[in-house]
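Atoms within each ligand, like the ligands themselves, are counted from 1 in listed order. Scope of the values below: all heavy atoms of this structure, side chains included, with no hydrogens, waters or symmetry mates. All values reported here derive from a predicted model rather than from experimental measurement.
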Amino acid sequence: MKRIKSIVLIFSLVAISIATNAQNYIPTAVNIKARQEFRDDKFGLFIHWGPFSIPGAGEWVMNDRNIPYNNYKRLMDFFNPIDFNAEQWVSMAKNAGMKYITLITRHHDGFSMWDTKYSDYNIMHSPYKKDIVKLMADECHKQGIQLFLYYSLLDWGRDDYPYETGKTGQHAGRTAKSDYAGYLQFMKNQLTELLTNYGTIGGIWFDGHWDQTQPEGSADRTSRINWKYDEIYGLIHRLQPQALIGNNHHLTPFPGEDFQMFEKDLPGENKSGLSFQEASLQLPVETCETMNNSWGFNLADNNYKSVKQLIHYLVKGAGRDANFLLNVGPMPNGKIQPEFTDTLKAIGQWMQVNGETIYGTRGNIYPPQDWGVVTVKNKTYYVHVLQPPAQNYIFMPGFKGKILSASGRSDKKSIKFKQQPEGAFLYLDGAQTNAIDTIIELQLQ
Ligand code: FHN
C-alpha cells in the first residue's frame with residue numbers, strides 16, 4: 001500500500017511539473033499574431049545606453065578594466081543626459097524605416113534605467129531623476145512603434161547573482177555567497193514592473209546566459225546554474241501573452257521562447273564565433289549588428305560600416321527570413337552622434353523607395369546566392385542583386401516556379417528571362433542597375 005502511495009505521489013509530482021513546464025508552452029493566439037507582425041516588421045533599432053556610456057569605452061568598461069563595483073557605481077552620480085529627447089530618438093528610428101526599438105533597461109552592470117522599487121542603483125538616483133523606460137515607452141506608443149526591452153540575466157554587481165560560477169564580473173569585489181533563489185525573485189519583481197507599468201511591450205530580449213556556460217562552440221554548453229526559465233517565461237507570458245521572448249544564449253531556442261536571435265551574424269553564418277546554432281525554421285529570427293564595432297558609446301571606435309554594407313545586411317537578413325536589429329550607442333548627454341544619424345537617414349531614404357521589397361516579405365524560399373538574395377510576398381519574388389555579375393545575366397540555380405514576367409523594380413521595364421530544367425536566367429542588358437541593390441521583380445504563376 002505504501003509503495004502504491006509513493007508511486008501515485010511521484011506521478012502527481014511529475015504531472016504538476018509537466019503542467020507548469022515551459023516545455024509544454026503553447027503560444028496564445030495573440031502571441032502567434034505578434035510573431036507574424038514581428039516577421040513583417042523586419043527592421044528595428046537597438047539602443048545600448050546608460051551610465052556605462054560616460055567613459056566612452058563601450059558597455060563592458062567595468063569588466064574590461066577590472067573596476068571594482070563600488071567604484072564603478074559612482075558613474076550613476078554623473079549620469080545626467082540633459083539632451084535626451086525621446087521624441088527625437090523615436091522619430092529617428094521611424095524615419096530610418098524601423099518598426100521597433102529594443103532598449104537596454106538593465107545591462108550587465110546592473111543599472112536600471114527605470115523607476116524600480118527593487119534596486120537603488122537606478123535612474124531615479126542619478127541627477128537625471130527621470131524614468132527613461134517610461135519616456136521611451138510613452139513616445140513609442142504615441143508614435144506607434146513597438147518597444148522591446150533588453151534585460152540582462154547576468155549582473156556584475158549583485159552578490160545574489162551566482163557570480164562564483166560566472167565567466168565575467170570577477171573583479172567586482174564580491175565576497176558574500178550568492179543566492180539564486182533571491183536573485184530570481186529580484187528579476188521576477190523587476191520584470192513584473194516592466195510588464196505592468198509601461199503599457200504594451202513588444203517583447204523581452206534576454207542576454208547573459210552565456211556567462212554560465214563554456215564558450216560558444218564547446219561540445220558541452222550546459223549552464224552551470226538552473227535559471228528556471230519556465231518560471232521567468234511563464235511570468236512574462238502571464239503578464240503580457242503577446243510579448244515575445246528571445247534569449248541571446250547563442251544556442252538553439254529553449255522551450256518557451258518566441259523568437260531566436262543571432263549576434264553579428266546572418267543566420268547560417270558564423271563569422272563572429274558566436275553562432276554555432278542553426279537557424280530556427282519555426283520561430284521568427286532576428287540578427288543584431290553594430291554601426292561601428294561597439295554596442296555602447298565608444299570614443300575610440302571609428303570603424304563605421306557604410307550605408308551600403310548595412311543595407312546589404314538588412315537585405316541579406318530578409319532573404320534569410322531574419323529581422324535586422326541595428327544598434328546605436330548614444331552619447332552620455334543623450335545625443336546620438338552624426339555618424340549614426342546620417343547613416344540611419346540614408347537607410348531610411350532607401351527604405352522609403354524599396355521597403356515594399358522588405359517589409360511583410362518572407363525569406364528562405366529561395367536559397368541565398370553569391371549575387372544576392374530573394375524576398376517573397378505572395379506571388380511576387382524580389383530578386384536582390386547585391387553583387388553585380390561578371391556576365392550579363394543572373395542565374396538562379398534550381399529555380400522551379402513558373403515565371404510569368406520579370407521587370408526592373410526601379411524603371412518597371414521588362415527583363416528577358418529564360419527557364420530551363422537547371423534553373424532560371426535573368427538577362428540584365430539594358431536593365432537599370434543600382435550600386436547598392438538592383439531589384440528585379442518576378443511575377444509567378
Ligand atoms: O555582452 C553583451 C553585449 O554587451 C551586447 O549587449 C550584446 C548585444 O547582442 N550582447 C552581449 C554579448 O553577447
Using a strict 4.0 Å cut-off to heavy atoms of [X], name the atoms of ligand 1 that fall inside it.
X	value
Trp205	9 (O)
Tyr150	6 (O)
His250	13 (O)
Asn248	9 (O), 10 (N), 13 (O)
Cys288	9 (O)

Does NZ or CZ of [X] come closer than 6.0 Å to the centre of the six-membered ring of [Y], within 45° of the ring's axis?
X	Y	answer
Lys377	Tyr382	no
Lys264	Trp295	yes
Arg158	Phe186	yes

Could you find the nearest protein heavy atom to [atom] and give me its residue, atom name and distance?
atom	answer
atom 2 (C) of ligand 1	His108 NE2, 3.3 Å
atom 13 (O) of ligand 1	Glu263 OE1, 2.6 Å
atom 10 (N) of ligand 1	Asp207 OD2, 2.5 Å
atom 5 (C) of ligand 1	His48 NE2, 3.3 Å
atom 4 (O) of ligand 1	Glu59 OE2, 2.4 Å

Side chain, backbone, both or neither: Phe262 near ligand 1, heavy atoms under 4.0 Å: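 Looking at Phe262 and ligand 1, no heavy atom falls under 4.0 Å.
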
Counting heavy atoms only, which part of His107 comes closer than 4.0 Å to ligand 1: side chain, backbone, both or neither?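 His107 to ligand 1: side-chain contact only, backbone stays beyond 4.0 Å.
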
Apply side-chain hydrogen bond (donor to acceptor under 3.5 Å, both in side chains) to Glu441 and list each qualifying residue two or more places apart in sequence or on a separate chain.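 Partners of Glu441 under the side-chain hydrogen bond (donor to acceptor under 3.5 Å, both in side chains) test: none.
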
Ser294: side-chain hydrogen bond (donor to acceptor under 3.5 Å, both in side chains) partners, not counting sequence neighbours: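 Checked Ser294 against side-chain hydrogen bond (donor to acceptor under 3.5 Å, both in side chains); matches are Asn298, Asp301.
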
Check: Trp295 N/O within less than 3.5 Å of ligand 1 N/O: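 Such a contact does not occur with ligand 1.
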
Would you mind telling me which of Leu442, Thr438, Val373 makes a side-chain contact (heavy atoms from CB on, under 4.5 Å) with Val383?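 By the side-chain contact (heavy atoms from CB on, under 4.5 Å) criterion, Val383 pairs with just one of Leu442, Thr438, Val373: Leu442.
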
Exactly one of Asn292, Thr290, Thr343 should register a side chain to side chain donor-acceptor pair (under 3.5 Å) with Lys305. Which one does?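 Running side chain to side chain donor-acceptor pair (under 3.5 Å) over Asn292, Thr290, Thr343 with Lys305 returns exactly one hit, Thr290.
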
Kindly say whether the aromatic ring centers of Tyr128 and Phe79 come within a distance under 6.0 Å.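 Between Phe79 and Tyr128, which both carry aromatic rings, the centre distance is not below 6.0 Å.
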
Does CG belonging to Asn66 count more than 12 external heavy atoms closer than 6.0 Å?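 Atom CG in Asn66 is crowded, with more than 12 foreign heavy atoms closer than 6.0 Å.
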
